[in-house]
Each structure stands twice: as C-alpha cells, then as structure tokens.
Amino acid sequence: WSGPTRGRVEPGRRPSGVHPQRVTAGSSDGRTLRPVVTASGTAAVTVPASHVRAKLRPPAVPPHYVRRARLIGLLDEAVAAPLTLLVAPAGSGKTLLLAGWAAEAALPTAWFALDDGNCDATHLWKGVFAALDALSPGCGDEARAMLRGPGTVVEAIGRLVDDLDRSSNPDSVLVVDDLHLVDADPVVGESLALFLRHLPPWLHLVAASRLGADVPECLRRLATERR
C-alpha cells in the first residue's frame, strides 16, 4: 500500500498509513454474509458457456471458515483505490479470504477466476467481460464482438474502457483470482495496462496472485505508484 489511489494487501503485513484495530484472528463481529453479485444473479446478463460460468462464482464459504477480521478490514479500506493487489504464498487462503470478504462486502462485487485453460489474452478478457456483465449489463458486448472479429485485443479493451466510462453505475468491485496464471504474452500486459489506467471511477479491481509468481509488471507498478 503506498497511497490513497492504489492498494496492496499482503497477509501478515500492515500497509503504511492504515492502522486497523487489533483483532484476534477468527473473531466475528456478527455481520451477516450476503450473496455476491455474479453473472448468475438477478441482473439481465449475457449467459456465458458453462465452463466460464463456474469461474464466475466465488467458492462457497465453508462452515469451518475462520473470519480474518483484520485482513477483511484492510480490504474494506483498500477497495477505495482503483486497484488492490493481494499477494500471498500458495495455500495461504487468498481465495477463501476474498470469498468471505465478497460475501459481506457493502459494494456490488463480481468474480472471475483464471485457470490453466484460460490464461491467454483472449480467454482472460472473455472471462472479464462476462464478470463485468453482472455489474454493468451489456458493457462488453461491442468489445466481445471485436475479439471475434479482425480487431486486436488492445483495440477491444479500448472499446471496453470507453463503454465503462459512459456507464452510470454505483461503486462496484471486480475480483480476479489467480492472476499469476496469466500468460507472459506482451498482449496480456499491454491490454491489462490499458484497462487499469482507464478504470472508470465507479469500478475497483481486486487481483489476487501467488507470491513469487510472474505477475504482469503493469500490476505491480500500478499497485505501488503514487499520483
């Protein structure tokens, strides 16, 4: 965490300038968990293929879930920034932390998780379009069509950010899990950089990545830069 415009949360580390109340891990404040807004919700959305729909739902919070109140509080503060990068080792509970936070978040939240089969630029953005459809229905239709046509990925993302900027929506959050799986293809980095630099004021991105993985440099730079 390096300023009011960008956020970075790492389990076990306290961002500078943030002084949350000391809370014992696992304590609960009694807040009621509520469903996250996804493409399977009530909004009128374009229904993606079944293998994509499964990636648009956060994992269910299990009965033995231990609420990590301090980290959830940090996420609540971090999402005031356009970008929050959550970095932690494999198996540390990044996904479950985000799922628990999203279930009780005050802001509408959409979810997309990468896997080894959708980590190139085209599949990445198809998943992001489907997730964003839950927050702003139809916002990615023209950009999605450009991916199927002769236009480039970067041109499609340019259209997407224009459409998002014209949308009038309440503050919302897009969670992208396992972003370390994304290809090292320069097109991925270029399109991500374009998207992140032109996020509309109402949209906040939370990206989770494995510690030590080759996260696109644009994410690290944008998560730490000051304005």
Side-chain angles (χ1 to χ4, degrees), residues 1-3 5-11 13 15 36-38 52 55-59 71-72 74-102 105 107-116 118-121 123-132 134-135 140 153 157 160-161 164 171-225:
W1 178 292
S2 61
T5 60
R6 303 290 172 190
R8 180 183 175 109
V9 177
E10 297 187 18
R13 297 182 60 185
V36 71
V37 178
T38 67
V52 175
K55 309 304 292 182
L56 299 176
R57 297 188 298 268
L71 294 179
I72 286 177
L74 293 180
L75 282 169
D76 284 338
E77 296 187 24
V79 294
L83 170 64
T84 301
L85 183 58
L86 175 65
V87 179
S92 61
K94 299 182 295 298
T95 297
L96 189 56
L97 170 67
L98 286 175
W101 171 81
L107 301 178
T109 304
W111 183 282
F112 175 58
L114 284 114
D115 60 28
D116 291 329
N118 59 11
C119 52
D120 66 349
H123 286 90
L124 165 67
W125 288 111
K126 283 181 178 179
V128 170
F129 294 161
L132 287 173
L135 301 175
V153 171
I157 303 313
L160 173 66
V161 296
L164 291 173
D171 277 6
S172 304
V173 178
L174 170 63
V175 177
V176 179
D177 194 22
D178 288 331
L179 195 58
H180 58 275
L181 294 175
V182 76
D183 283 351
D185 184 344
V187 173
V188 172
E190 186 179 357
S191 57
L192 274 173
L194 177 62
F195 179 68
L196 295 172
R197 289 194 179 279
H198 297 281
L199 282 175
W202 60 268
L203 183 61
H204 309 269
L205 175 66
V206 177
S209 177
R210 184 175 299 175
L211 184 66
D214 292 329
V215 178
E217 179 59 28
C218 64
L219 281 177
R220 294 191 183 276
R221 185 173 62 253
L222 290 170
T224 56
E225 71 181 10

Next on the checklist: Please evaluate residues Trp101 and Val173 with respect to the criterion side-chain contact (heavy atoms from CB on, under 4.5 Å), reporting the C-alpha separation (whole Å), side-chain torsions for both, the decisive distance (0.1 Å), and the verdict.
Outcome noted: CA-CA 11 Å; Trp101 171 81; Val173 178; 3.9 Å; yes
Checklist entry - For Leu75 and Leu98, what are the C-alpha separation, side-chain angles and deciding distance, and is it a side-chain contact (heavy atoms from CB on, under 4.5 Å)? => result CA-CA 9 Å; Leu75 282 169; Leu98 286 175; 4.0 Å; yes
Next on the checklist: Set out, in order, the CA-CA distance, both residues' side-chain angles and the distance that settles side-chain contact (heavy atoms from CB on, under 4.5 Å) for Asp115 and Asp178, then state yes or no.
Outcome noted: CA-CA 7 Å; Asp115 60 28; Asp178 288 331; over 6 Å; no
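Between His180 and Arg210, the closest heavy-atom pair is ND1-N, 3.1 Å. In this structure, Phe129 and Gly140 approach most closely via the heavy-atom pair CD1-O, 4.3 Å. Among all heavy-atom pairs drawn from Ala99 and Pro58, the shortest one is CB-CB, 4.2 Å. The heavy-atom pair separating His204 from Val79 by the smallest distance is ND1-O, 3.0 Å. Pairing each heavy atom of Ile157 with each of Trp125, the nearest pair is CD1-CD2, 3.3 Å.
Summarising the geometry, atom OG belonging to Ser191 is positioned 10.5 Å from atom CG belonging to Leu160; distances are rounded to the nearest 0.5 Å. Residue Leu205 holds its CG atom at 8.0 Å from OG1 of Thr84, rounded to the nearest 0.5 Å. Leu86 CG to Leu179 CG: the interatomic distance, rounded to the nearest 0.5 Å, is 11.5 Å. Between the CG atom in Asp171 and the CG atom in Leu107 there is a gap of 6.0 Å [rounded to 0.5 Å].
In this structure, the side chain to side chain contact (heavy atoms under 4.5 Å, CB included) partners of Leu203, at least two apart in sequence or on a different chain, are Leu132, Leu135, Leu164, Leu174, Phe195, Leu199, Pro200. With sequence neighbours excluded, the residues forming a side chain to side chain contact (heavy atoms under 4.5 Å, CB included) with Val187 are Ala121, Val153, Asp185, listed by chain and number.
Using a 4.5 Å heavy-atom cutoff, the side chains of Leu56 and Phe112 are in contact. Using a 4.5 Å cut-off on side-chain heavy atoms (C-beta onward), Val188 and Asp120 make no contact.
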